[in-house]
Amino acid sequence: MNPYFNHLRKILILSKYQELEASRLYTELIYKRVADYLASEKTIFTTTMVPSEILAAFEAVSIDSEEVAPIIESMGQGPNSEAEECRNAVLRLGMGKDVCPYPLVTMGAFERGLLSVPAAFIGSSYMCNDQYEMIKALAQRHKRPLFIIDIPSWHDSAAIGYVENQLYEMVDFIADILNKPFNYSKFKEAMECSHEAYSISELIKQKRRYGLDVPGTEFIYFYGIQVLAGYKDSLAVFNKLHEECAQRLCDKRRLRVFWMNVLPLRKKTVIRSMIKKYNLDFVYDELSTCNMAPVSGHNPFISLAMKLLSGLYLDGIERRKRLAEEVIRDYQIDLACGFSYSRCKLVSGGTGDIRHIFQQAEIPYLEWKVKTASGSEIPDEQIKADFDSVMQAIRIRKGSKP
Amino acid sequence: MDKIKHLCWTCALVPEELIFAAGVQSKRLYYKSEPKAEPSEYTLPVNFCSLVRTYFEALTIYRDSNMEGAILTTACSATYFLYDALKHCGNMNFIYMLDVPRKQDPAGIDFFARQLADLAKTLGKHFHVTIDRDKLFQAIEHFNRIRDFLAIFHEARVSHRLSGQDYFKIVHLISISDKVIVLKQLEKIKKDILHADFADEKTKKKILLLGSPLLSIDLVAFLESFQVTVDIDDLCTGAGYLGSHVETEGDLYFNLAAAYLKSRLCSRMERNDTRIRQVKEMLANFQPDGVIYNLSKFRVTDSYESVMLKEEFFNEIATPYLVLANDHPFEMNLSMKSRLETFIQVL
């Protein structure tokens, strides 16, 4: 039995106990994608931020690296864990330990047979060098065709043209790999689907600011959904979320915590326990769905190019700072917190950038410095203790009972 | 003492012609040899690309008073970090991030040409000059003359009339000097090479150096002290500098973009299969007895590439291969010397 898939099955079973049906739908969606990938022959493996709308139009069987490494990381910690075994499998090839562990886990999953080798790889230069280099290395090692979509950092008409051109090439590449013609009307449908999911997520965000309650313990699971833009199942999750939360109003006395960056799966349990213990309103969605963008223009390829160029990470620290300030102001945040991954600017910004973001904000900031994206070196007990002391201080300041 | 303001650059894909056309001196950023200072530990974490950390130190702590600023490129995610860190605490008058596409097709060239036009506009605004076609034309002509010299020196290197370290020194000299004065110096070096008696380099063992940019001559000098000749064609601080001639007819920005993107490019720019082909071509041309991959710690691109090439070398190519992980500033410690000596002995 494939331990990775087995673990995913356990997550699916446990998702029945989630408060929201949308959470279960989301888990089911990921489960189905991985199950289809493992059972199919003509598959495509991608990095994050590959335009999934095109893959959806082809009805391609695909998964991306965000559906692999975080799940394997969540299987356990320690020297004999699956994540560690995956990393070791790649280190044995000669890779240095100074490389980001996340892509190493993904590469290791192929080495250990947890993932079948796809018919082709597609990568994006958007996210980070590690993912970009990982997909290049995977394609080379497994002797499969590779397509890279290069996303520039600045957004001008030249950049739009440059990306648009690559989207046409990507269509040809997939058509060739799957031996399937491109269906333009399905692409239009996928784009409509993507746009509608964006609109609903924006609506939820707006309503959240005025008191709509989306339980933080549930919403934690929604990170990564943006990579599934264009799929009907993904849109169904957003629709369900909106429907379920429409009548829920947040108790204004609850403290609001803004989680600044990506929450590692390994730490979700302890964070959820803190949310429950202190009955926190957990604001997490602003950054996690930030890469969803409107795609309703007349020419879907241009719209998609513009969406890819509108990514938060490309804009650097200033836009993240503005976004963080907006969240703190609009949600009346009581506490901001997050992990600062020392090497991963794209996820956290690192210590220097985080100080820059919060130096003007008059709210406490709880920061855990970690060297790896899994955050495993910070014990759960430390997170609990930190929360306990900060929450006590905030409550005293606000005049409520500790 | 040099009082003229200059701009630094960190990546060989920055066309110096534009800086020259703005009437400003351009210099490649090399680090000073002082020990590491604490401030970059504060801003950039310790497990961050050592090359980028060094650049940060050179641009902040050890910056000389005539340095007006720097032009960086979107070469990797570490440079985004550097850009933000410099913007927030670098106290620089000029800082520009040049977006370099990874694709070298017409769309990529067109995109890069527009980025170059924007850079020219920004430079003009900052230095209160207009970079018109005439100025850019003259700058391109000037740099093409430098390229002519570089081609001569490269030929001298290929025909073993120049050692690896001499060639490295010449590239270094050009990249940090006043580009007007350097032409006279190059003329003199050319005469010296043509009239000098040369040691027979052909009998020496040959080592091909791949990987991260070398900002110090130490490694090449150490290797060549063992009757070894070192080829630095792959490095942007070697034969990768300045690349091919730039056409002077038609759209000059497009010509610049095409010439720079079509030059020999680093692992960041190329697909793995292209890089393997390039390395194989270098092996065929240079026929080295051994290959050393110079790997800067925490430099992601090279970490992946060194492993990929290792697999190729073990499986297909019968050439000894050594991955030499090092830090910046480059330090020839005893352990490294010992490894290199052993490697040379077994060649």
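To find a chain, count down the sequence lines: A is the first, B the second, and so on, and within it residues start at 1.
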Measure the CG-CG distance between D156(A) and D118(B) for me, rounded to the nearest 0.5 Å.
7.5 Å
All side-chain contact (heavy atoms from CB on, under 4.5 Å) counterparts of M306(A), not counting sequence neighbours
I160(A), I302(A)
Considering all heavy atoms, the nearest L93(A)-K310(B) contact:
O-NZ, 4.0 Å
Which atom names give the shortest non-hydrogen contact between Y304(B) and D130(A), and what distance separates them?
OH-O, 3.8 Å
Region of Q115(B) that comes under 4.5 Å of a non-hydrogen atom in chain A:
side chain
Can you tell which part of S303(B) gets under 4.5 Å to a heavy atom of chain A, answering side chain, backbone, both or neither?
both
May I ask you to check if R102(B) and Y132(A) form a cation-pi contact, with NZ or CZ under 6.0 angstrom from the six-membered ring centre and within 45° of the axis?
yes
E164(A) versus chain B, the contacting section by heavy-atom distance below 4.5 Å:
neither
side-chain contact (heavy atoms from CB on, under 4.5 Å), that's the test. Do D105(B) and N165(A) meet it? Break it down for me.
CA-CA 10 Å; D105(B) 56 11; N165(A) 196 50; 4.2 Å; yes
Could you look at D273(B) and say if it's the side chain, the backbone, both or neither that has a heavy atom under 4.5 Å from chain A?
both
Looking only at K87(B), K103(B), E305(B), most heavy-atom pairs under 4.5 Å shared with chain A are made by K103(B)
CD1/I151(A) to CG/D99(B) distance, rounded to the nearest 0.5 angstrom?
11.0 Å
Starting at CZ of R275(B), measure out to NZ of K136(A) and round the result to the nearest 0.5 Å.
8.5 Å
side-chain contact (heavy atoms from CB on, under 4.5 Å) between Y162(A) and R114(B), intermediate numbers included:
CA-CA 11 Å; Y162(A) 177 58; R114(B) 295 213 210 176; over 6 Å; no
Cut-off 4.5 Å, heavy atoms of chain A, and the answer for I276(B) is side chain
Quick check: closest heavy atoms across S153(A) and T74(B), and the distance to 0.1 Å?
OG-CG2, 3.5 Å
Yes or no on side-chain contact (heavy atoms from CB on, under 4.5 Å) for F111(B) and V163(A), after CA distance, side-chain angles and deciding distance?
CA-CA 10 Å; F111(B) 170 73; V163(A) 176; over 6 Å; no
